[in-house]
Amino acid sequence: MSAGRWGAGFTAVGRFVSEIQAASAGTGRLKPGYVLVGDELFLQERCRAAVVKAFVPPDLRDFCLSDLDLSSISIFEVLGRAQTPSLMAPFQVLLVRNVRQLYTRGAKKDEFAALDRYFRSPNPQALLIFIADFLRIPSDTRRMDMEDKSRFERLNETLGEHCGMVELARVNEEDAMRWIVSTAQEADTRVDPDAARELVDSLGADMMCISSELEKLLLYAVGRGRITLGDVETMVLGAKQRSLYELTDAISSRNRARAIALLHGLLNSSDGAEDSAIGHLYMLARTFRQMLVILEKNVRDQRAIWQALWQGFRIPPFAADDVIRQARRYKSRRELTRALRLIARADLELRSSPPDKRLVLERLVYDLASEPKPESSLFPAQLSFDG
């Protein structure tokens with residue numbers, strides 16, 4: 001990654017990689033430590049890979065590379081390892097995770113005094129990489145959360161006094177698209193602009209997901225040399241999820257015509273068409289259950305949603321704001337439980353082998369997008385989805 005090709009996090013990583021490569025080649029100077037600041041895992045992995053490639057020979061990996069966690073080992077032990085020359089390896093790389101432990105309650109004067117002593121006389125045959133992934137740096141740093149700003153300033157005042165600070169800012173959509181196009185070109189594959197846009201939009205510019213899905217798409221496009229919008233819609237789960245959230249948006253807006261049209265689009269793009277009806281129904285039930293929790297717990301932003309929804313029941317980051325907005329369109333818990341009962345009734349009907357599954361779903365979506373009917377017209381209240 002060239003420092004000048006993309007902005008924000010890509011630029012920081014480009015500079016870091018260039019510095020590591022220059023030091024490895026003997027043409028540049030290596031700092032005794034670096035702090036990878038931010039929770040952008042994709043960029044973090046790029047930094048890690050560059051360090052391992054430059055300083056960790058495969059046959060000496062067990063002796064050269066240490067992956068340490070401050071939740072189970074003290075900073076004093078980490079610095080002791082860094083200070084002690086290895087008999088088996090010419091150079092040591094120490095990855096230090098859970099840096100947040102240095103900034104928990106308490107002054108930690110002894111810990112920071114030990115860090116200061118070490119960096120005043122560091123071991124030239126050791127490199128410390130601190131992974132500070134407990135704060136988020138948005139692509140536009142002006143929008144950084146006040147708490148994260150405070151954390152960043154604290155890091156800069158302490159570790160930043162001795163180490164290089166590498167800001168792993170979130171990748172914005174335009175940079176993500178450029179990366180997709182550039183990476184595909186390296187594999188002799190062209191990505192249509194609308195395909196790159198759909199891939200980014202459907203995955204919310206989550207670079208780890210984008211990287212993984214692009215790898216699948218490149219394999220899918222072998223022999224054709226081109227990735228189209230249709231390929232993304234066929235292969236990428238996030239794109240299908242995005243269509244589902246567009247459907248629930250139309251339903252919550254009471255836009256029946258748009259909801260039916262979106263349903264047809266979902267069915268037509270599914271591999272099994274009508275046979276995929278149960279899967280679509282499950283996702284609808286899951287989304288309405290998520291909206292019910294959001295409404296009951298009065299969730300108003302993404303930060304609160306991760307506390308309200310438990311692991312395994314969470315919403316993809318790209319859809320969180322949309323689902324919160326959709327949930328707040330419902331005036332009461334009663335309206336959402338009504339929707340779940342309608343879905344349960346459709347589920348029973350689909351499992352009874354109806355002559356036309358598409359018609360069952362059309363009727364369901366029409367009812368969901370309509371104003372509530374009297375409770376007596378609905379299926380018994382105890383029917384709902386689990387999981």
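The analysis underlying the following values was restricted to heavy atoms, covering all of them including side chains, and did not include hydrogens, waters or symmetry mates. Computed from a prediction, not measured in an experiment: that's the story for all the values here.
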Is a side-chain donor or acceptor of Ser211 paired with a backbone partner of Met207 at a separation under 3.5 angstrom?
no
Determine, stepwise, if the pair Asp367 / Arg345 fulfils salt bridge (Lys or Arg N to Asp or Glu O under 4.0 Å).
CA-CA 12 Å; Asp367 288 343; Arg345 184 175 66 184; 3.6 Å; yes
Student check: side-chain heavy atoms of Pro32 and Cys163 closer than 4.5 Å:
no
State the CG-CG distance between Asp62 and Asp59, to the nearest 0.5 angstrom.
10.0 Å
How many angstroms lie between CD in Glu111 and CG in Leu102, if you round to the nearest 0.5 Å?
7.0 Å
Answer yes or no: is there a donor N or O on one side and an acceptor on the other, between the side chain of Ser72 and the main chain of Asp69, under 3.5 Å?
yes
Can you find a pair of side-chain heavy atoms, one from Ile305 and one from Ile324, that are under 4.5 Å apart?
yes
Run the salt bridge (Lys or Arg N to Asp or Glu O under 4.0 Å) test on Arg136 and Asp145 for me, step by step, so that the C-alpha distance in whole Å, both residues' side-chain angles and the decisive distance to 0.1 Å come before the verdict.
CA-CA 8 Å; Arg136 181 182 187 275; Asp145 181 87; over 6 Å; no
Supply the atom-to-atom distance Arg351 CZ to Lys357 NZ, rounded to the nearest 0.5 angstrom.
10.0 Å
Pair Phe130 + Tyr34: ring centers closer than 6.0 Å
no
I'd like to check Phe10 versus Arg178 (side-chain heavy atoms, cut-off strictly below 4.5 Å). Are they in contact?
no
Could you see if Ile343 belongs to whatever hydrophobic cluster contains Ile260? Use Ile, Leu, Val, Met, Phe, Trp, Tyr and a side-chain cutoff under 4.5 Å.
yes
Between the main-chain N or O of Asp175 and the side-chain N or O of Asn172, is there a donor-acceptor pair closer than 3.5 Å?
yes
Treating Ile, Leu, Val, Met, Phe, Trp and Tyr as nodes and any side-chain heavy-atom pair under 4.5 angstrom as an edge, say whether Met144 and Val166 lie in one connected cluster.
no
Spacing of Ser66 atom OG and Ile129 atom CD1 [to the nearest 0.5 Å]:
12.5 Å
Does one hydrophobic cluster hold both Met283 and Leu368, with members joined at side-chain heavy-atom distances below 4.5 Å?
yes
So which heavy atom on Glu246 is nearest to which on Leu262, and how close?
O-CD1, 3.3 Å
Any donor-acceptor pair under 3.5 Å linking the side chain of Gln125 with the backbone of Thr84?
no
I want to check something: taking the side chain as every heavy atom from C-beta on, are Arg289 and Leu340 in contact at a cut-off of under 4.5 Å?
yes
Consider only side-chain N and O atoms of Thr104 and Lys108, and report whether a donor and an acceptor are under 3.5 Å apart.
yes
Kindly say whether Met208 contributes a backbone atom to a donor-acceptor pair with the side chain of Ser212 at under 3.5 angstrom?
no
Do Leu127 and Leu79 belong to the same hydrophobic cluster, where Ile, Leu, Val, Met, Phe, Trp and Tyr are linked whenever their side-chain heavy atoms lie under 4.5 Å apart, directly or via other members?
no
Do Val232 and Asp194 touch side chain to side chain, with heavy atoms closer than 4.5 Å?
no
Minimal non-hydrogen separation, Arg151 against Phe134, with atom names:
NH1-O, 3.1 Å
Same cluster (ILVMFWY, side-chain, under 4.5 Å), Leu281 and Ile251:
yes
Atom of Val56, atom of Leu65 and distance for their closest heavy-atom approach:
CG1-CB, 4.2 Å
Given side chains that start at C-beta, do those of Arg81 and Leu94 come closer than 4.5 Å, heavy atoms only?
yes
Among Lys331, Arg254, Arg338, salt bridge (charged side-chain N to carboxylate O under 4.0 Å, His left out) partner for Glu371
Arg254
If you look at every heavy atom in Val365 and Ala259, which pair is closest and at what distance?
CG1-CB, 3.5 Å
Can you find a side-chain donor-acceptor pair between Gln326 and Thr248 that sits under 3.5 Å?
yes
Should Tyr220 and Ile227 count as side-chain neighbours, where that means a heavy-atom distance under 4.5 Å?
no
What's in the same ILVMFWY side-chain cluster as Met88, cut-off under 4.5 Å, chained through other members?
Leu60, Phe63
Table please: side-chain donor-acceptor pairs of residues 35-45 below 3.5 Å, with sequence neighbours left out.
{"unit_1": "Asp39", "atom_1": "OD1", "unit_2": "Arg170", "atom_2": "NE", "d": "3.0"}
{"unit_1": "Asp39", "atom_1": "OD1", "unit_2": "Arg170", "atom_2": "NH2", "d": "3.2"}
{"unit_1": "Asp39", "atom_1": "OD2", "unit_2": "Arg170", "atom_2": "NH2", "d": "2.9"}
{"unit_1": "Glu40", "atom_1": "OE2", "unit_2": "Phe42", "atom_2": "N", "d": "3.3"}

Is there a donor-acceptor pair under 3.5 Å between the side chain of Arg143 and the backbone N or O of Pro138?
no
Glu167 vs Arg15, salt bridge (Lys or Arg N to Asp or Glu O under 4.0 Å): CA-CA, chis, key distance, verdict
CA-CA 11 Å; Glu167 299 179 26; Arg15 290 172 181 161; over 6 Å; no
Please find the pair of heavy atoms, one from Thr189 and one from Arg226, that lie closest to each other, and give the distance.
CG2-N, 3.7 Å
SG of Cys47 to CG of Leu168: how many Å apart, nearest 0.5 Å?
5.0 Å
Nearest-0.5 Å distance that lies between atom CG in Leu336 and atom CD1 in Ile294
9.5 Å
Thr228 backbone acceptor or donor facing Asp231 side chain under 3.5 Å:
yes
Quick one, Glu153 with Lys149, criterion salt bridge (Lys or Arg N to Asp or Glu O under 4.0 Å). Give me CA distance, side-chain angles, the key distance, then yes/no.
CA-CA 6 Å; Glu153 289 170 3; Lys149 280 185 179 179; over 6 Å; no
Check: Ser182 side chain, Trp179 main-chain N or O, donor-acceptor pair, under 3.5 Å:
no
Are the side chain of Asp192 and the backbone N or O of Ala195 linked by a donor-acceptor pair below 3.5 Å?
no
Could you list the donor-acceptor pairs under 3.5 angstrom formed by side chains in residues 112-122, with sequence neighbours left out?
{"unit_1": "Asp116", "atom_1": "OD1", "unit_2": "Arg120", "atom_2": "NH2", "d": "3.4"}
{"unit_1": "Asp116", "atom_1": "OD1", "unit_2": "His162", "atom_2": "NE2", "d": "3.2"}
{"unit_1": "Asp116", "atom_1": "OD2", "unit_2": "Arg120", "atom_2": "NE", "d": "2.7"}
{"unit_1": "Asp116", "atom_1": "OD2", "unit_2": "Arg120", "atom_2": "NH2", "d": "3.3"}
{"unit_1": "Tyr118", "atom_1": "OH", "unit_2": "Asn123", "atom_2": "N", "d": "3.4"}

Side-chain contact, heavy-atom cut-off 4.5 Å: Phe55 with Ile20?
yes
If only side-chain N and O atoms count, and only distance matters, is there a donor-acceptor pair under 3.5 Å linking Arg329 with Ser253?
yes
Ile131 and Val99 have their tightest heavy-atom pair at O-CG2, 3.4 Å
Could you tell me how the ring of Phe288 sits relative to the ring of Tyr330: parallel (under 30°), tilted (30 to 60°) or perpendicular (over 60°)?
perpendicular
